[in-house]
Amino acid sequence: MKRTLALIAVLPLLATLNAAEAKGLKVYVSVDMEGISGVVSSEQTNSESREYAAARKWLADDVNAVIAGLLAAGATEIVVNDSHGGMRNISPDDLRPEASLISGSPKPLSMMAGIDGTFDACVFVGYHAEAGTAAATLDHTISGSSVYEIKVNGVEVPELGLNAAIAGYYGVPVIMLSGDAAACRQAGSLLGDNLVTVAVKEALSRTAAKLVPLPESRKRLQEAARDALARRDQRRPFRFDPPCRFSLTFQNSAQAEPGEMLPGVTRASARTLTFSTQDYLEGVKILRALIALALAR
Ligand SMILES: [Zn+2]
């Protein structure tokens with residue numbers, strides 16, 4: 001009788017454990033190219049270029065090292081979103097079979113396509129510093145030819161911050177970022193210094209860097225991914241408090257002209273458009289549309 005009662009008492013606990021196991025541990029990975037091990041020049045990140053074939057292999061190897069680390073920490077589902085240029089940088093042949101791949105473009109949420117509230121953690125691989133950062137590999141924000149600066153609620157935000165807040169919108173914390181040392185510093189200061197970062201190179205200029213040797217770089221990426229996922233409970237989702245006030249400054253005044261015609265958008269200065277939204281995701285979509293209009297000029 002006593003044993004039966006004890007079993008009845010423990011059953012709900014077992015059910016909870018089974019539920020946790022059944023839910024699994026889902027990780028979302030967004031992969032850019034400028035912050036990949038070995039990459040220092042747009043000759044390597046441009047798919048039309050002769051040097052691209054080598055660089056896309058480096059990219060796959062960086063991602064696979066991260067996947068190995070995530071699996072070692074108990075990840076049960078990994079979704080990799082190819083997030084650079086035409087977004088077909090990872091050949092499906094080259095990706096570890098434990099991860100599924102989001103390939104190609106356009107995608108409504110672009111570098112964060114496929115994210116939702118079912119994920120437990122988010123990882124950024126191969127990311128870069130914001131436009132206007134000195135000694136940072138291929139620094140830019142979304143579009144090098146059109147965007148000078150983006151602010152949300154008065155704070156300058158690099159691409160990594162805009163994307164982290166999309167993950168945060170769904171309640172998903174960013175647990176790790178890899179890129180050059182400048183991108184790692186920006187990520188730490190914006191997203192919190194307990195963010196696990198892996199600097200795979202130290203830039204000497206926009207197109208020169210001292211590289212971490214590739215085998216060592218992959219070893220660090222694997223170990224960092226494992227440690228970051230193990231410590232995911234220490235991380236909180238990154239969010240902007242509504243109302244979200246967006247400020248988008250273009251490289252030149254002509255790029256601000258088409259967006260000025262939209263209701264709700266204000267031409268704050270020759271090169272700057274501003275608008276506010278209650279919903280952060282809605283604001284990001286407007287931001288992307290304004291940049292698309294500028295690029296169509
Ligand atoms: Zn990129």
Side-chain angles (χ1 to χ4, degrees), residues 28-49 51-63 66 80-91 94-95 101-115 122-133 135-150 157-167 174 176-187 190 197-201 203 205-209 211 217 221 251 284 287-288 291-292 294-295:
Y28 180 88
V29 182
S30 171
V31 187
D32 205 349
M33 196 161 194
E34 291 82 356
I36 289 296
S37 303
V39 168
V40 298
S41 159
S42 56
E43 291 292 303
Q44 295 161 321
T45 60
N46 175 357
S47 62
E48 304 291 315
S49 161
E51 293 182 56
Y52 173 74
R56 73 188 299 201
K57 177 74 170 53
W58 300 335
L59 185 151
D61 288 349
D62 273 16
V63 178
V66 168
V80 173
N81 182 24
D82 194 329
S83 299
H84 169 82
M87 304 187 173
R88 301 191 307 274
N89 307 287
I90 303 169
S91 168
D94 292 337
L95 191 69
L101 177 64
I102 298 175
S103 183
S105 69
K107 299 173 273 199
L109 278 185
S110 191
M111 299 178 79
M112 297 302 287
I115 188 96
C122 172
V123 174
F124 292 154
V125 178
Y127 268 49
H128 53 81
E130 78 172 311
T133 306
T137 304
L138 300 171
D139 63 302
H140 67 279
T141 303
I142 300 179
S143 159
S145 60
S146 66
V147 177
Y148 181 83
E149 180 187 78
I150 293 172
V157 191
E159 211 169 284
L160 66 94
L162 292 165
N163 290 347
I166 295 175
V174 176
M176 171 186 164
L177 176 141
S178 75
D180 72 338
C184 291
R185 281 192 293 273
Q186 279 179 6
L190 187 68
T197 58
V198 181
V200 299
K201 55 198 159 190
S205 71
R206 193 168 188 274
T207 50
L211 307 173
S217 183
L221 287 165
Q251 299 283 1
V284 166
L287 190 73
R288 298 201 65 84
I291 294 168
L295 288 170

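Both ligands and their constituent atoms are indexed starting at 1 by order of listing.
- Remark: D94 does not engage K57 in a salt bridge, criterion side-chain N to carboxylate O under 4.0 Å.
- Here the closest non-hydrogen pair linking I291 and S143 is CG2-CB, 4.1 Å.
- Put simply, the side chain of K107 never gets that close to the backbone of S83: no donor and acceptor are under 3.5 Å apart.
- Of all N, O or S atoms in H84, the one lying closest to the Zn ion (ligand 1) is ND1.
- When the Zn ion (ligand 1) is compared with the N/O/S atoms of D32, atom OD1 turns out nearest.
- The closest approach of E34 to the Zn ion (ligand 1), by N/O/S atoms, is made by OE1.
- When every heavy atom of T133 is checked against every heavy atom of A182, the shortest pair comes out as CG2-CB, 4.3 Å.
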